[in-house]
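These notes are about the structure you will find just below.
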Amino acid sequence: MARNKEGLVLVLDVGPSMHALLPEIEKVCSMLVQKKLIYNKYDEVGVVVFGTADTKNDLTVEVGGYENVMVLRDVKVVDGDLIEAVQQLPRGSAHGDFLDAIVVGMDMLIKKYGPTNKGKKRLCLITNALTPIKDPYEGSKEDQVNTVAAQMMTHGMKMDCIIIRANQDWGVRKEIVKENDFLLDVFSTRSSSKKVYVESATSLLGALRTRNISPVTIYRGDFELSSKLKIKVWIYKKTSEEKFPSLKKYSDKAPPTDKFATHEIKVDYEYKSIEDPNRVVPPEQRIKGYRYGPQVVPISSAEWEAVKFKPEKGVKLLGFTDVSNIMRQYYMRDVNIFIAEPGNTKATLAVSALARAMKDMDKVAIIRCVWRQGQANVVVGVLTPNVSEKDNIPDSFYFNVLPFAEDVREFQFPSFSNLPPSVQPNEQQQQAADKLVQMLELAPSGKEEALQPNLTPNPVLERYYRSLELKSKDPDAAIPPLDETLRKITEPDAELLYQNRAVIEEFRTSFELKENPKLKKSSRRVLREKPSGSSEEGEGVSDVGQAMDAIEYTSNVKVGKIGDSNPVQDFEAMISRRDSPQWITKAIQSMKDKIFDLVENSFEGDTYEKALECLGALRKGCILEQEPKQFNDFLHHLHKFCQEKNLSSFSEYLMSHEMMLISKNEAPESDVPEHEARLLTVKKEPKAEQDPETVPLDVGRL
């Protein structure tokens, strides 16, 4: 028996009220088998259907009763025949008893495994629970359910109950629905059973746990609050991205008569010398190297081991902080869950007390984690309390990894509040947008929330599995079109859009679309062909001062200096170079020199336009490279330079085109507040007949 082999019995309602839903049930059950063939090929699955006119099960023969319950397939290892069986479910004509079907499924698992395989025996019930169960010979229905639940616990069985409730079902015999829901709740409280209600085919596809993943701890040990206070905890993954199954290379060269051929391909690599291509370099003569600027630094395996950071295994508390201080965008990677060591009462009480105290005070914990001995990195993360609402589930913590400074990406974008009123939405436009958002509400009142993460399968993976199943039967089979159930995950609801077409039309007509000629050219080409100082269309250099379009500097040519013909293009190419950190500093300094040169050598302002264009490019580059102080200091120095060289006309030129300092709103590294970014005190040169005067100058209008 495989170590993690699961024994599963599908208990499916095929009665008359389920006929419309059976095509979707067939899809989800075949998907379950397909995944088991890929990931758990030793698992064993049986199928029981109820609501059929015929009766076929061992209990009917042995003790009588259990009518309208049919064993469609005994518990056996998954294979292609099982896929065909669940894709052709019978359509029953009788009202089935889900409790009888559950007992038949339990009997199959007990006879197959006996007292072994505890915790790996599972029942999966899919029904709408709209028909009543039979009255027992003795006691009440609740007593009967309690007895069955106790037997489940004794034999280590789990059960998943998927209750399909379309909207039209709620008006059908409410007293029966209420009673059945109560009995299924008893299973949830008295045994290891989970109950899920679904309303759509999409939710059904995600509700059935098609892949059995055994829980594995990533850490077991002490949660150290201080040197004298430690709590025993276990840590599991709460979420983890599901990957595509690994594809391997196979060969058909093995003899057809070789029954033991694996057909796998083994790949070997040979390293050869550049000087002598025929000579193979043995492992002892090879060494890894790392680029450091233009050179490659060789580092041996011994040196690499010596330089590695080798922290001690453990989880330590660093401190607490307010929930509001940890922003959602800082969460990285998968989510883990911290629980107290099972069976450790003191640890359970300690975790619960700590979690409830943190929740009451709106605090989270910052902790340092090294999951295993010899781990090469340290993880710093945040613990969020998870206080349970159920008495039989203990409190716990959710853990999210936090970024270090090197992991954070700071991209600056303009604030809408800085835009002129002409490009901000008016009241009518805002109302149209509000209606559109309300129309596309995923959780409307009285309905199931659409696209719940725990009920929404990955459409890419699902489509892959279905295609793989077709290819297993016919290698030349064409890729099928996207299934309608999966299409509802990837596309908006067409019926909803049709019903609310008036709202969509109102939103469309509220915003007049105009062609933007700038979009026909790249941002760099616009800067070259249209000087930043141009006042065409009433915009001028305010675009340079306010619009931070986060131009992605790219260059195929490694420019080493700023020339005279295309200084802006040369500057962008230099500052985008990453072969050395010195290029950013060199590009900024070279552009400063170019601006001084253009201003000083101008004749009646003939180079002011080009100087302004360069200044705008420098401003944008300093924002993107987080060097606002360099630009602000330069702008002060440039103005002083103009006063000393009797070039006040250039200061006035900058004033007319609203060139301003980089504010803190545009770049967090700046120390200039927004209200001061436009203001700069400028000393005019004293006239012969007047005293020097100090004039406030708006650097936004410098």
Going by distance alone, is a donor N or O of one side chain under 3.5 Å from an acceptor N or O of the other, for [X] and [Y]?
X	Y	result
Ser203	Ser200	yes
Asn386	Ser396	yes
Tyr113	Glu44	yes
Asp181	Tyr197	yes
Asp395	Ser388	no

Where the side chain of [X] meets the backbone of [Y], is there a donor-acceptor pair that is under 3.5 Å apart?
X	Y	answer
Ser193	Thr189	no
Asp100	Val69	no
Asn146	Glu142	yes
Ser191	Phe187	yes
Asn180	Ala129	yes
Asp79	Asp81	yes
Glu26	Leu89	yes
Gln452	Glu449	yes
His263	Ser251	yes
Asp97	Tyr66	no

* **Val401: side-chain contact (heavy atoms from CB on, under 4.5 Å) partners, not counting sequence neighbours** =>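 For Val401 the side-chain contact (heavy atoms from CB on, under 4.5 Å) partners, ignoring immediate neighbours, are Met332, Arg333, Val379, Phe399.
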[X] versus [Y], closest heavy-atom pair with distance:
X	Y	answer
Pro394	Thr348	CB-CG2, 4.2 Å
Leu72	Ala85	CD2-O, 4.2 Å
Val47	Leu12	CG1-CD1, 4.2 Å
Gly114	His155	O-ND1, 4.4 Å
Ser467	Pro480	OG-CD, 3.9 Å
Val48	Ala101	CG1-O, 4.3 Å

* Residue pair Ile367, Leu318: steps toward the side-chain contact (heavy atoms from CB on, under 4.5 Å) verdict -> CA-CA 5 Å; Ile367 62 174; Leu318 301 181; 5.7 Å; no
Heavy atoms from other residues, nucleotides or ligands near [atom1] of [X] exceed 12 (cutoff 6.0 Å):
X	atom1	value
Arg190	CZ	no
Lys238	NZ	no
Lys488	NZ	no
Lys313	NZ	yes
Glu264	CD	yes
Lys111	NZ	yes
Lys359	NZ	no

Measuring from atom [atom1] of [X] to atom [atom2] of [Y], what distance do you get when rounded to the nearest 0.5 angstrom?
X	Y	atom1	atom2	answer
Thr239	Asn400	OG1	CG	8.0 Å
Asp334	Ile337	CG	CD1	14.0 Å
Thr127	Leu21	OG1	CG	9.5 Å
Ile235	Ile339	CD1	CD1	9.5 Å
Ser472	Gln34	OG	CD	8.0 Å
Leu208	Ile25	CG	CD1	10.0 Å

* Note: Asp43-Lys5 ion pair, threshold 4.0 Å (strictly below) ->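 No salt bridge links Asp43 with Lys5.
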* **side-chain contact (heavy atoms from CB on, under 4.5 Å) assessment of Lys36 paired with Leu8** => CA-CA 11 Å; Lys36 284 189 176 295; Leu8 170 66; 4.0 Å; yes
* Tell me, with the steps shown, if Met358 and Phe320 meet side-chain contact (heavy atoms from CB on, under 4.5 Å). => CA-CA 9 Å; Met358 288 167 59; Phe320 298 95; 3.8 Å; yes
* To do: Before giving the answer on side-chain contact (heavy atoms from CB on, under 4.5 Å), spell out for Leu123 and Leu10 the whole-Å C-alpha distance, their side-chain angles and the decisive distance to 0.1 Å.
  => CA-CA 6 Å; Leu123 296 165; Leu10 296 172; over 6 Å; no
* Show the numbers, then the answer: is there a salt bridge (charged side-chain N to carboxylate O under 4.0 Å, His left out) between Lys243 and Glu241? => CA-CA 6 Å; Lys243 306 283 188 179; Glu241 181 185 359; 3.4 Å; yes
* To do: Would you check if the distance from the ring center of Trp304 to the ring center of Tyr290 is below 6.0 Å?
  =>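 Here the rings of Tyr290 and Trp304 have centres that are less than 6.0 Å from each other.
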* **is_close_aromatic(Phe98, Phe50), centroid dist under 6.0 Å** =>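 Not close enough - the centres of the two rings lie 6.0 Å or further apart.
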Side chains of [X] and [Y]: does their closest heavy-atom pair fall under 4.5 Å?
X	Y	value
Trp371	Asn377	no
Lys248	Ile265	no
Lys76	Val45	no
Thr456	Ile489	yes
Glu469	Lys473	yes

* To do: Test Lys121 against Glu6 for salt bridge (charged side-chain N to carboxylate O under 4.0 Å, His left out), laying out the working first.
  => CA-CA 6 Å; Lys121 292 176 284 191; Glu6 179 187 50; over 6 Å; no
* Provide the full list of salt bridge (Lys or Arg N to Asp or Glu O under 4.0 Å) pairs with a residue in residues 450-466, sequence neighbours left out, each pair given once. =>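 Qualifying pairs, neighbours excluded: Lys35-Glu462, Arg466-Asp483.
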* Asked: Can you check salt bridge (charged side-chain N to carboxylate O under 4.0 Å, His left out) on Lys363 and Asp322, steps first, answer last?
  -> CA-CA 5 Å; Lys363 298 286 186 179; Asp322 291 337; 2.6 Å; yes
* Asked: Under the salt bridge (charged side-chain N to carboxylate O under 4.0 Å, His left out) criterion, do Glu305 and Lys310 qualify, and how do the steps go?
  -> CA-CA 9 Å; Glu305 283 298 318; Lys310 298 177 182 178; 3.7 Å; yes
* Could you check Lys194, Met159, Lys195 and say which one makes a side chain to side chain contact (heavy atoms under 4.5 Å, CB included) with Ser188? =>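 Per the side chain to side chain contact (heavy atoms under 4.5 Å, CB included) rule, the option paired with Ser188 is Lys195, out of Lys194, Met159, Lys195.
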